Amino acid sequence: MLNLIVAPFDYNDNGEKYAKRIVRYLKREKCEYSVYFSPSIDEMNTNVRNLTLDNETEFVVIGDKYILNQFLNSVENISKIKLGVIPLNKDDDFISYLDFETNPITAIRNILERQVKPIDYMIVNDKIVINDVLIGASVELYEIYSQYKIKNALTRNLVIMQYGSNYEGIELTFDTKTQKAKTETVFDLSISNGGYNGKKKQSPLANLSDGLFNLNYVNQVDRAERKKYLKLFNKGAQIYDERTHQYWLNRVKITNADARIKALVDGQIVNYESLEVSVVEGGLQLYNTKTNEIHFAPKPEKKIETKPLEEIELEDEKK
C-alpha cells in the first residue's frame with residue numbers, strides 16, 4: 001500500500017493541493033493508499049517513524065529536498081523502503097537533477113508502475129543527506145538571503161554584490177582516513193551528491209549512481225575577486241577555474257581547530273564541531289517518475305578516492 005507523506009501546509013501549501021489531486025486519481029484508479037497530512041514537520045516525522053515501525057515499506061513524499069531529508073531521517077530502516085517523490089514545484093534541486101516528472105498526476109501514474117532505480121545518499125555524522133553540504137561564503141550569504149521577504153535571482157545577486165567580499169574564509173582540515181590530514185584556508189566548499197543548489201548548477205559533474213560524492217573548494221580568494229568567484233559558483237562554472245580543487249571521494253572527515261563549522265545541509269543551516277561524510281552506494285530505492293530511464297551525469301573517468309588528497313586534483317582538460 002502506498003503511504004502518501006505530505007509537506008505541512010504551513011511549510012508549503014502546494015503539498016496539500018497536490019495531495020488532493022493525487023488522491024482523486026488514486027480513487028479513480030481504485031488503488032490502495034493512505035495519506036498523511038501533518039500540522040508540523042515534527043508531526044510528519046512522528047508519522048513516518050510510526051509507519052516504518054509498523055513495517056510499512058511503500059511511500060510517496062510530496063515535498064522538496066528539505067522534506068525528503070526529514071523523511072529519510074525518520075525512517076526506521078531505509079534499506080527496507082521504496083520511495084516515490086513528487087516535488088512541490090518544478091524547481092526543486094534534487095528532483096531537477098534527477099530530471100524527474102514534476103506534474104503530480106503524471107508522476108503518481110509513473111510511480112504506480114513500480115519501476116525502481118537505486119541511487120546514492122550521503123551520511124553526514126549520523127544523519128542522511130540526500131543532496132549536498134556547503135561550507136564557507138555560500139553559507140554566510142544564504143543566511144543573509146534567507147532573511148529577505150522576496151527571494152529571487154535579483155535579491156540573490158544583490159546579496160552577493162553587498163556582502164560577497166566580506167567573508168575571510170575558514171581553516172579546515174581534510175582527512176580521507178587513509179592519508180595524512182591536510183589543512184587549508186577555505187573560502188567556499190561544496191560536497192555534492194546531486195548537482196543543483198538553489199536552482200544553480202553547483203556541481204555539474206556530480207553523479208547519483210557512482211558511489212562517490214563531488215568535493216570542490218577554493219582556498220582564500222583575493223578580496224577583489226571574491227564576488228566574481230561566487231558568481232562562477234552560482235553557475236557551476238567554478239569547476240573550470242584553475243583555483244578550484246575538485247575531487248571524487250567516498251569518505252572524508254572535516255575538522256576545525258575551533259570545533260565550529262557552519263554548514264548548509266539539504267537547505268538547512270547546521271552547526272558542527274566536525275563532519276564525517278560518507279556515501280551509501282545505491283542505498284535508496286527510488287520509484288522512477290520518468291517514462292524513460294533516469295538520466296544521470298556521467299561518471300568521472302577515474303575513481304580517485306584511493307589516492308592521496310593532495311594528488312587527486314583534476315586537471316582541466318579545456319585549458
Side-chain angles (χ1 to χ4, degrees), residues 65 90-99 122 131-146 151-170 172 174 184-210 212-249 252 263-267 277 295-302 304 309 312-319:
K65 67 179 180 182
K90 64 182 181 180
D91 296 320
D92 181 68
D93 294 330
F94 184 68
I95 295 302
S96 295
Y97 202 64
L98 285 169
D99 197 22
M122 299 189 295
N131 196 61
D132 60 358
V133 178
L134 304 183
I135 299 171
S138 289
V139 183
E140 300 298 328
L141 295 180
Y142 176 85
E143 194 167 29
I144 296 169
Y145 171 73
S146 64
K151 297 179 177 62
N152 54 34
L154 180 62
T155 53
R156 189 181 299 115
N157 287 331
L158 180 62
V159 169
I160 291 175
M161 294 306 297
Q162 287 186 329
Y163 304 101
S165 298
N166 296 346
Y167 186 68
E168 295 294 334
I170 180 172
L172 300 174
F174 301 93
E184 305 258 23
T185 299
V186 171
F187 176 67
D188 211 15
L189 174 150
S190 68
I191 302 172
S192 300
N193 187 39
Y196 291 161
N197 181 279
K199 307 177 188 178
K200 306 185 296 289
K201 293 181 179 179
Q202 168 184 285
S203 180
L205 300 179
N207 190 308
L208 286 160
S209 62
D210 62 354
L212 304 171
F213 55 77
N214 178 216
L215 167 65
N216 73 73
Y217 69 90
V218 64
N219 298 120
Q220 185 56 281
V221 178
D222 291 341
R223 187 178 182 87
E225 294 292 316
R226 291 174 190 172
K227 293 177 185 178
K228 292 180 182 179
Y229 188 87
L230 288 167
K231 288 182 178 180
L232 291 178
F233 189 85
N234 283 346
K235 300 176 182 178
Q238 84 281 6
I239 65 172
Y240 305 115
D241 191 292
E242 62 184 7
R243 293 169 293 185
T244 301
H245 305 266
Q246 185 162 209
Y247 315 106
W248 279 269
L249 305 168
V252 68
L264 184 63
V265 182
D266 280 354
V277 185
H295 169 73
F296 292 93
K299 293 183 180 182
E301 291 184 2
K302 296 181 180 180
I304 55 179
L309 187 62
I312 60 179
E313 182 178 354
L314 301 180
E315 295 182 357
D316 185 355
E317 295 180 358
K318 294 188 177 182
K319 293 190 179 295

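Values reported hereafter were calculated over all heavy atoms of this structure, with side chains retained and with hydrogens, waters and symmetry mates removed. What you see is a predicted model; the values in this text were computed from it and never measured.
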Any [X] side-chain heavy atom under 4.5 Å of [Y] side chain:
X	Y	value
Trp248	Asp210	yes
Leu264	Ser138	no
Leu134	Phe233	yes
Leu212	Leu249	no
Glu143	Val139	no
Asp241	Val218	no
Leu172	Leu189	yes

request  = Please report the closest heavy-atom contact between Leu208 and Gly194, naming both atoms and the distance.
outcome  = CD2-N, 3.9 Å
message = Which heavy atom of Arg243 sits nearest to which heavy atom of Val221, and what is that distance?
response =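 Taking every non-hydrogen atom into account, NH1-CG1, 3.8 Å.
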query = Only one of Val277, Asn207, Val133 forms a side-chain contact (heavy atoms from CB on, under 4.5 Å) with Phe213, so which one is it?
reply = Val277
Does the side chain of [X] pick up a donor-acceptor pair with the side chain of [Y] at under 3.5 Å?
X	Y	result
Tyr229	Gln238	no
Thr244	Asn216	no
Thr185	Asn219	no

Could you give the distance from [atom1] ([X]) to [atom2] ([Y]), rounded to the nearest 0.5 Å?
X	Y	atom1	atom2	result
Asn166	Lys227	CG	NZ	8.0 Å
Gln162	Thr155	CD	OG1	10.5 Å
Ser96	Leu98	OG	CG	9.0 Å
Leu232	Asp188	CG	CG	11.0 Å
Leu230	Glu140	CG	CD	11.5 Å

query = Got a salt bridge between Lys65 and Asp93, using NZ or NE/NH1/NH2 to carboxylate O under 4.0 Å?
reply =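 Asp93 and Lys65: salt-bridged.
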key: Full working for side chain to side chain contact (heavy atoms under 4.5 Å, CB included) between Tyr247 and Asn214   = CA-CA 6 Å; Tyr247 315 106; Asn214 178 216; 5.9 Å; no
key: Identified ring-ring contact (aromatic ring centres under 6.0 Å, His included) counterpart of His245 within the set Tyr217, Phe174, Phe187   =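 So the option named by the test is Tyr217.
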ask   = Who passes side chain to side chain donor-acceptor pair (under 3.5 Å) against Gln202, sequence neighbours left out?
value =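 If we apply the side chain to side chain donor-acceptor pair (under 3.5 Å) test to Gln202, skipping adjacent residues, the hits are Asp132, Ser192.
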ask   = Is the gap between the ring centers of Tyr196 and Phe94 under 6.0 Å?
value = no
ask   = Should we say atom NZ of Lys231 is surrounded by more than 12 heavy atoms from elsewhere, each under 6.0 Å from it?
value =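 Check fails, neighbour count at 12 or below.
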query = Is there a donor-acceptor pair under 3.5 Å between the side chain of Asp222 and the backbone N or O of Glu225?
reply =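 Side chain of Asp222 to backbone of Glu225, a donor-acceptor pair under 3.5 Å: no, none is there.
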message = Assess the residue pair Asn131 and Asn193 against the criterion (side chain to side chain contact (heavy atoms under 4.5 Å, CB included)); give the C-alpha distance rounded to whole Å, side-chain angles, the decisive distance to 0.1 Å, and a yes or no.
response = CA-CA 5 Å; Asn131 196 61; Asn193 187 39; 5.9 Å; no
